[in-house]
Amino acid sequence: MTPWSPKLGAWPGKADMELVTTIPEVRQRLDAVRREGGTVGLVPTMGYLHEGHASLMASAVADNDFTMVTIFVNPLQFAAGEDLESYPRDLDRDLEICVAEGVDLVLAPSVDEMYPTSIETTVTVDRIARLLEGGSRPEHFAGVATVVAKLFSIAGSCRSYFGAKDWQQVAVVRKMAHDLSMPVEVVSCPIVREHDGLAMSSRNVYLTPDERIQAPALRRALDAGLTAIASGERDPTSVEAAMAAVIADASRATLDYVAAVQADTLTADALLHGEVRLLLAVHFGRTRLIDNDGTVIL
Ligand code: PAF
């Protein structure tokens, strides 16, 4: 085998990105990379990739010798009545984006490959997964934690990249990796936004033209919360009220939750202090959007 040569910046045979669909193929490939001293970056996705995903891939490619993207719409993280069937899919376009970003390998497994029999083992993260998103979507994080645990097990020792838009997801995955001593460094990457402030999301395509016009209300609500804090407000309830008022002004929006919390625990102390995170979830018709931002109170 040609020896690994970081100086060349290329894995022998890297010129063409590989598309694989089975777990053993991936294990073999990544084991070979590590045996030759290469590092592995993992970007888990559900496909229908956008610039937010591209930024995760760019970070993974910059930090590692070999980058794998996974594309898998994970049925476990959708509750009955959610958008599993209608979740947007476009594998050909996704692959073009991966090639453009310099990804080495894409794993796009079938549901049968990931869950060949009805599974009896799931991963449940406790306190931090029951808050906020967990309150509105009680089964969601067990589905996320289970599939990410499987992807971490398949990938082995690696750095794995997640978007900060799903702030709570990053916290849940980080806690799981830490608690289960997984050999994975969880890297959180900045939110990528449209020109008008709407956070990029595969689900934005569900928005009707009218809803799309109003959707940047989430960004404005975060700005209202940040402005309240900058003006000296420390009561989390008052900061949340300032955020909620912006959403109330958007006729097509229905607030699911709004939270001004400590960034580490995702719960509010009596007065906000130190690193603070503002989070919200809003329904526009059948589309549910989430967003967040943070600040540090000195
Ligand atoms: O953020 C997502 O797209 C998904 O929750 C993830 C992490 C790929 C797990 O299915």
Side-chain angles (χ1 to χ4, degrees), residues 21 23 26 41-57 59-60 67-79 82-91 93-95 97-98 101 103 105-115 119 122-125 128-129 132-134 136-155 158-177 180 182 184-192 199-206 279 281 287-292:
T21 54
I23 294 167
V26 172
L42 165 68
V43 183
T45 81
M46 296 206 300
Y48 212 68
L49 305 175
H50 49 67
E51 282 173 52
H53 295 113
S55 77
L56 305 182
M57 296 178 209
S59 296
T67 294
M68 167 166 87
V69 169
T70 63
I71 298 178
F72 179 63
V73 181
N74 171 37
L76 252 53
Q77 69 191 75
F78 292 78
E82 288 189 349
D83 55 342
L84 172 61
E85 269 76 42
S86 59
Y87 195 84
R89 292 160 167 91
D90 189 342
L91 184 60
R93 191 174 143 276
D94 288 349
L95 295 175
I97 294 172
C98 293
E101 292 303 326
V103 167
L105 182 148
V106 171
L107 168 65
S110 64
V111 173
D112 276 354
E113 178 69 12
M114 287 295 278
Y115 304 119
I119 61 166
T122 55
V123 178
T124 311
V125 180
I128 206 157
L132 306 172
E133 285 294 291
S136 303
R137 307 177 70 195
E139 296 137 53
H140 176 65
F141 280 129
V144 170
T146 301
V147 79
V148 173
K150 279 183 74 94
L151 295 173
F152 285 1
S153 155
I154 293 162
C158 65
R159 294 190 187 93
S160 187
Y161 296 77
F162 294 84
K165 180 174 78 66
D166 298 290
W167 179 264
Q168 193 180 0
Q169 171 171 277
V170 176
V172 167
V173 167
R174 219 172 237 153
K175 185 83 180 105
M176 173 192 76
L180 299 181
M182 293 170 160
V184 178
E185 182 190 336
V186 176
V187 182
S188 157
C189 300
I191 300 176
V192 179
M200 294 217 176
S201 163
S202 306
R203 288 187 166 105
N204 289 351
V205 291
Y206 297 154
L279 305 102
T287 312
R288 185 172 177 279
L289 302 177
I290 59 173
D291 203 348
N292 71 86

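The figures here come from the full heavy-atom set of this structure, side chains too, leaving out hydrogens, waters and symmetry mates. Each ligand, and each atom within it, is numbered from 1 in the order the structure gives.
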Which atoms of ligand 1 have any heavy atom of [X] under 4.0 Å away?
X	answer
Gln169	1 (O), 2 (C), 4 (C), 5 (O), 7 (C)
Val147	9 (C), 10 (O)
Gln77	4 (C), 5 (O), 9 (C), 10 (O)

Problem set entry | Side chain, backbone, both or neither: the part of Thr45 lying under 4.0 Å from ligand 1 by heavy atom | backbone
For this session: Applying side-chain contact (heavy atoms from CB on, under 4.5 Å) between Leu56 and each of Leu42, Val43, Val69, Leu49, report the one that passes.
Result: Val43
Problem set entry | Partner of Cys98 by side-chain contact (heavy atoms from CB on, under 4.5 Å), out of Met68, Met57, His53 | Met57
Exercise. With a 4.5 Å limit on heavy-atom distance, are the side chains of Met46 and Phe78 in contact?
Worked result: yes
Problem set entry | Validation row: Pro75, Val111 side chains within 4.5 angstrom (heavy atoms) | yes
Exercise. Side chains of Asn74 and Tyr87: is there a donor and an acceptor less than 3.5 Å apart?
Worked result: no
For this session: Starting from atom 3 (O) of ligand 1, locate the nearest protein heavy atom and write down its residue, its atom name and how far away it is, to 0.1 Å.
Result: Met46 CG, 3.7 Å
